[in-house]
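Along the sequence shown, residues are numbered consecutively beginning with 1.
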Amino acid sequence: NKENAYYWGAVLPIIADELGILIHEEVHEMLKGLFLKKGVDYKGKRFEVIRSTTDLSKREFEDYLEKIRKWALIELNIVIPLPNEVEIT
């Protein structure tokens, strides 16, 4: 879908370039850990689970992308263009 193409074609490469990471999958895993982590309680113990982006609804994925754009601006001082501001091939 368009959101996924934008994520893999613009968001991940921009962040990877800024961080000097060559493998976009590593940036993907890092971002999931930052923004898709949730706690699960089981028998008095707390476990952390990281959701897959493939399980997100369209709205959840858009929220995920917005969190990434805000984080990139604040933490990395980079602007990630919106989907309508970048051409994905």
Side-chain angles (χ1 to χ4, degrees):
N1 62 30
K2 287 192 268 186
E3 291 86 6
N4 201 46
Y6 163 72
Y7 178 66
W8 286 93
V11 175
L12 293 179
I14 290 168
I15 294 173
D17 185 55
E18 179 66 23
L19 296 177
I21 298 173
L22 298 176
I23 301 170
H24 295 171
E25 182 70 31
E26 291 177 351
V27 177
H28 172 62
E29 293 299 323
M30 177 192 77
L31 293 172
K32 287 190 330 177
L34 286 171
F35 302 110
L36 296 180
K37 191 183 302 182
K38 69 177 188 173
V40 175
D41 293 318
Y42 178 74
K43 294 187 179 183
K45 293 185 181 182
R46 184 129 178 113
F47 298 93
E48 290 185 343
V49 176
I50 299 175
R51 295 183 66 192
S52 170
T53 54
T54 59
D55 294 335
L56 301 178
S57 69
K58 185 175 181 176
R59 180 73 222 149
E60 288 172 324
F61 197 77
E62 290 170 358
D63 290 344
Y64 173 62
L65 292 171
E66 182 60 23
K67 288 176 185 175
I68 292 169
R69 286 191 294 266
K70 286 180 181 178
W71 171 83
L73 182 60
I74 293 166
E75 296 296 327
L76 304 178
N77 199 33
I78 58 173
V79 175
I80 296 177
L82 296 171
N84 63 339
E85 298 172 337
V86 64
E87 185 175 327
I88 305 297
T89 56

S.K.: Mind checking the OG1-CZ spacing from T54 to F61? Nearest 0.5 Å is all I need.
M.R.: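 Going from the OG1 atom of T54 to the CZ atom of F61 covers 10.0 Å.
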
S.K.: Is any side-chain heavy atom of E29 less than 4.5 Å from a side-chain heavy atom of I50?
M.R.: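 The answer is no, as the side chains (C-beta and beyond) never meet within the 4.5 Å cut-off.
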
S.K.: Once rounded to the nearest 0.5 Å, what's the spacing between atom CH2 of W8 and atom CD1 of I88?
M.R.: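 If I round to the nearest 0.5 Å, the distance is 13.0 Å.
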
S.K.: Treating Ile, Leu, Val, Met, Phe, Trp and Tyr as nodes and any side-chain heavy-atom pair under 4.5 angstrom as an edge, say whether L34 and V11 lie in one connected cluster.
M.R.: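 Same hydrophobic cluster.
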
S.K.: For a quick test of reading the model, state the closest non-hydrogen atom pair linking N1 to N4 and the distance between them.
M.R.: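 Nearest pair, atom of N1 first, then N4: OD1-N, 2.7 Å.
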
S.K.: To the closest 0.5 Å, what do you measure between CZ (R51) and CZ (F35)?
M.R.: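 Reported to 0.5 Å precision, the distance equals 15.0 Å.
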
S.K.: Any side-chain heavy-atom pair from H24 and P13 closer than 4.5 angstrom?
M.R.: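 The answer is yes, as the side chains (C-beta and beyond) meet within the 4.5 Å cut-off.
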
S.K.: With side chain to side chain contact (heavy atoms under 4.5 Å, CB included) as the test, would you mind laying out the steps for E60 and L36 before giving the verdict?
M.R.: CA-CA 10 Å; E60 288 172 324; L36 296 180; over 6 Å; no

S.K.: Enter the distance from I15:CD1 to I78:CD1 here, rounded to the nearest 0.5 Å.
M.R.: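 Answer for the CD1-CD1 pair, I15 versus I78, is 5.5 Å.
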
S.K.: Would one find more than 12 heavy atoms of other residues, nucleotides or ligands at under 6.0 Å from atom CZ of F47?
M.R.: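 Yes, enclosed.
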
S.K.: With rounding to the nearest 0.5 angstrom, report the CG to CD1 distance, L19 to I14.
M.R.: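 Rounded to the nearest 0.5 Å, the CG-CD1 separation comes to 12.0 Å.
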
S.K.: Is there a path from V27 to V86 through hydrophobic residues (I, L, V, M, F, W, Y) whose side chains come within less than 4.5 Å of each other?
M.R.: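 Same hydrophobic cluster.
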
S.K.: Check whether Y6 and L76 end up in the same hydrophobic cluster, where Ile, Leu, Val, Met, Phe, Trp and Tyr are linked by side-chain heavy atoms less than 4.5 Å apart.
M.R.: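 Yes, same cluster.
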
S.K.: Please report the closest heavy-atom contact between P83 and R69, naming both atoms and the distance.
M.R.: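 Scanning both residues completely, I find the closest heavy atoms to be CD-NH1, 4.2 Å.
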
S.K.: Do T53 and L31 come close enough that some side-chain heavy atom pair is under 4.5 Å?
M.R.: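 A side-chain contact is absent here, since even the closest heavy-atom pair is not under 4.5 Å.
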
S.K.: Measuring from atom CG of L12 to atom CE of M30, what distance do you get when rounded to the nearest 0.5 angstrom?
M.R.: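 Taking CG in L12 and CE in M30, the distance rounds to 9.0 Å.
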
S.K.: Mind checking whether L65 and I80 have side chains closer than 4.5 Å, heavy atoms only?
M.R.: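 The answer is no, as the side chains (C-beta and beyond) never meet within the 4.5 Å cut-off.
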
S.K.: Would you say N77 has more than 12 foreign heavy atoms packed within less than 6.0 Å of its CG?
M.R.: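 Open.
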
S.K.: State plainly whether the residues D63 and K67 are in salt-bridge range, i.e. N to O under 4.0 Å.
M.R.: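 Not counted as a salt bridge, because no side-chain N and carboxylate O are separated by less than 4.0 Å.
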
